[in-house]
Amino acid sequence: MSSVSDRLPDFPWDKLEPYKKTAAAHPGGIVDLSVGTPVDPVPELIQKALVDAADSPGYPTVWGTPALRDAITCWVERRLGARDVTHRHVLPVVGSKELVAWLPTQLGLGPGDRVAFPRLAYPTYEVGARLARAEYEAYEDPTELDPAGLKLLWLNSPSNPTGKVLSKADLTRIVAWAREHGVLVVSDECYLELGWEADPVSVLHPDVNGGSYDGLVAVHSLSKRSNLAGYRAAFLAGDPAVLGPLLEIRKHGGMMTPAPTQAAVVAALGDDEHVRVQRERYAARRTVLREALLGAGFRIEHSEASLYLWATRDESCWTTLAHLADRGILVAPGDFYGPAGENFVRVALTATDERIQTAADRLKA
């Protein structure tokens with residue numbers, strides 16, 4: 001019998017090690033723009049909420065405290081324009097990557113079922129299908145897929161890695177098609193608050209879904225907007241007919257967000273100012289990096305939102321990777337996200353102002 005690990009591809013980030021060593025050997029040190037991990041401080045009001053809840057000796061609940069569910073429902077209505085959201089429409093999760101990896105299994109998918117995701121996509125969508133032994137395929141336009149056996153359609157807007165944003169019209173068209181064919185739509189919207197040249201829209205917006213959440217689930221994370229990647233804080237919102245059974249399954253599996261993290265999320269979702277401040281940081285870094293990359297002969301596609309620049313020199317991503325590593329800059333190769341990315345690199349904005357400026361200076365040299 002094959003082990004579960006045999007179903008999975010090689011962990012892609014391990015391939016970066018030799019390039020990381022090259023970049024780290026640069027006299028001025030490495031500028032790591034590969035993994036999009038936050039580097040700025042956790043806002044003080046969130047840290048305080050975490051500390052105030054530190055004395056939490058009992059088990060937390062999978063569904064979260066009423067205060068947490070209130071915070072999520074209020075935020076979904078205030079920020080996404082959703083209407084009539086109740087506690088039945090929300091579900092906390094232990095970081096969004098865990099949810100993405102295990103959702104097909106928790107939905108009961110298996111051999112003969114199909115999962116679809118964008119042609120350029122976060123690798124964990126495929127991992128989730130593999131863990132469930134489901135079939136999977138990548139799409140350019142989901143409405144061109146064969147709906148037979150298609151049980152889970154992943155959307156990702158703004159996109160990781162490209163930063164592409166689906167328009168309200170596109171989202172409306174896709175949702176209508178999925179409903180016509182009985183396909184569950186799960187929309188990964190973790191970068192929704194980081195739109196630069198576009199204003200991302202949620203599938204939970206009534207203009208998209210006609211005022212009904214049937215067959216729709218949105219995934220949101222606090223990792224990027226609030227620098228909470230280390231807290232493992234995320235949530236789902238959408239169709240209670242989907243979230244209710246997921247809640248029961250996750251109760252059995254003990255998938256509980258720690259109580260101090262729950263308290264921190266309440267504070268984070270109730271405050272918009274720290275999000276504005278963090279957006280300004282990323283906007284400034286984006287301007288510096290974008291100008292430096294363009295000046296160094298790169299072409300940037302999409303990248304109208306999210307925390308990355310999708311850049312190319314019209315050569316193999318590994319050639320570009322080596323070129324940048326020689327300059328002490330580490331980025332992510334585009335083929336991590338699908339064969340269509342083989343000539344691109346993903347450049348993260350998640351480094352300090354000093355490191356971003358250092359990268360820009362090296363690109364200009």
Side-chain angles (χ1 to χ4, degrees), residues 12-13 35-38 42 46 60 62-64 68-69 71-72 75-76 79-80 82 89-107 115 117-118 120-132 152-163 165-166 184-195 200 202-204 216-239 242-243 246-247 249-250 253 255-258 261-262 264-266 268-269 275 278 305-308 332 336-337 346 348 350:
W13 295 99
V35 181
T37 187
V42 173
I46 301 174
V62 172
W63 203 16
L68 175 59
R69 282 177 262 140
I72 296 172
W75 183 86
V76 166
R79 181 61 185 86
L80 305 183
H89 293 90
V90 301
L91 178 62
V93 295
V94 192
S96 58
K97 183 169 185 175
E98 166 264 305
L99 182 280
V100 171
W102 292 107
L103 182 61
T105 298
Q106 292 176 3
L107 291 172
V115 175
F117 44 78
L120 285 164
Y122 185 44
T124 313
Y125 303 135
E126 179 183 326
V127 166
R130 286 177 177 245
L131 285 170
L152 172 57
L153 174 62
W154 282 106
L155 302 183
N156 181 209
S157 174
S159 163
N160 173 15
T162 68
V165 173
L166 292 173
L184 174 64
V185 172
V186 180
S187 180
D188 181 347
E189 302 174 354
C190 290
Y191 296 90
L192 185 136
E193 295 200 273
L194 296 166
S202 172
V203 295
L204 301 182
L216 299 177
V217 175
V219 184
H220 284 271
S221 166
L222 286 87
S223 293
K224 315 301 192 211
R225 72 183 296 278
S226 300
N227 301 332
L228 296 190
Y231 283 44
R232 310 316 302 135
F235 60 87
L236 307 180
D239 190 347
V242 177
L243 300 188
L246 278 179
L247 171 59
I249 291 164
R250 294 173 67 83
M255 293 179 166
M256 302 172 283
T257 303
T261 294
Q262 292 189 30
V265 172
V266 172
L269 292 180
V275 180
Q278 190 60 43
S306 85
L307 285 182
Y308 312 104
F336 276 13
Y337 308 94
R346 192 194 75 170
T350 49

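FYI, the numbering just counts along the sequence from 1. All values below were derived from every heavy atom in this structure, side-chain atoms included, with hydrogens, water molecules and symmetry-related copies excluded.
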Contacts table for residues 120-129: side-chain donor-acceptor under 3.5 angstrom, sequence neighbours left out:
unit_1: Tyr125; atom_1: OH; unit_2: Asp188; atom_2: OD2; d: 2.7
unit_1: Glu126; atom_1: OE2; unit_2: Arg130; atom_2: NE; d: 2.8
unit_1: Glu126; atom_1: OE2; unit_2: Arg130; atom_2: NH2; d: 2.9
unit_1: Glu126; atom_1: OE2; unit_2: Tyr136; atom_2: OH; d: 3.4

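Of all heavy-atom pairs spanning Ser226 and Ile46, the tightest one is CB-CD1, 4.0 Å. When all heavy atoms of Ser96 and Val219 are compared, the closest pair comes out as CB-CG1, 4.0 Å. Looking at every heavy atom in both residues, Pro104 comes nearest to Ala101 through CD-O, 4.2 Å. When all heavy atoms of Leu155 and Val185 are compared, the pair lying nearest together is CD1-CG1, 3.7 Å. Nearest heavy-atom pair, Ala268 versus Arg225, reported as atom, atom and distance to 0.1 Å: O-NH1, 3.5 Å. Across all non-hydrogen atoms, the minimal contact from Ala71 to Val266 is CB-CA, 4.0 Å.
Thr261 has its side chain within reach of Val265: a pair of non-hydrogen atoms, C-beta onward, lies under 4.5 Å apart. Side-chain contact between Asn160 and Tyr337 is present, with heavy atoms from C-beta onward closer than 4.5 Å. Looking at Leu91 and Ile72, their side chains never come closer than 4.5 Å, going by heavy atoms from C-beta outward. The shortest distance between side-chain heavy atoms of Leu216 and Asp239 does not fall below 4.5 Å. Using a 4.5 Å cut-off on side-chain heavy atoms (C-beta onward), Leu80 and Trp75 make contact. Using a 4.5 Å heavy-atom threshold, the side chains of Ser202 and Leu192 count as touching. Counting only heavy atoms from C-beta outward, the side chains of Pro92 and Gln262 never approach each other to under 4.5 Å. Contact check for Leu269 versus Arg79: no side-chain heavy atoms found under the 4.5 Å cut-off.
Listed for the Glu189 side chain is no donor-acceptor partner under 3.5 Å among the backbone atoms of Pro200. Arg232 contributes no side-chain N or O that, together with a main-chain N or O of Thr257, makes up a donor-acceptor pair within less than 3.5 Å.
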Go through it in stages, so that I can follow the logic: the residues are Ser306 and Leu194, the test is side-chain contact (heavy atoms from CB on, under 4.5 Å), and I'd like the CA-CA distance, side-chain angles, deciding distance and then a yes or no. CA-CA 5 Å; Ser306 85; Leu194 296 166; 5.6 Å; no
How far apart are the C-alpha atoms of Gln278 and Glu193, what are their side-chain angles, what is the distance that settles it, and do they pass the side-chain contact (heavy atoms from CB on, under 4.5 Å) test? CA-CA 10 Å; Gln278 190 60 43; Glu193 295 200 273; over 6 Å; no
Does the pair Val35 and Trp13 meet the rule for a side-chain contact (heavy atoms from CB on, under 4.5 Å), with working shown? CA-CA 9 Å; Val35 181; Trp13 295 99; 3.7 Å; yes
Under the side-chain contact (heavy atoms from CB on, under 4.5 Å) criterion, do Val100 and Phe117 qualify, and how do the steps go? CA-CA 11 Å; Val100 171; Phe117 44 78; over 6 Å; no
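Distance check: Tyr231 OH to Ser223 OG gives 11.5 Å after rounding to the nearest 0.5 Å. Rounded to the nearest 0.5 angstrom, Asn156 CG and Leu166 CG are separated by 8.5 Å. Rounded to the nearest 0.5 Å, atoms CH2 (Trp63) and CG (Leu68) are 11.0 Å apart. From Leu99, atom CG reaches atom CG of Leu236 across 4.5 Å, with rounding to the nearest 0.5 Å.
Residue pairs meeting the salt bridge (Lys or Arg N to Asp or Glu O under 4.0 Å) criterion with at least one partner in residues 97-107, sequence neighbours excluded, are Glu98-Arg250.
Ring orientation note: the planes of Phe235 and His220 are close to parallel, at an angle under 30° on the 30°/60° scale.
Other residues, nucleotides and ligands place no more than 12 heavy atoms under 6.0 Å from the CH2 atom of Trp102.
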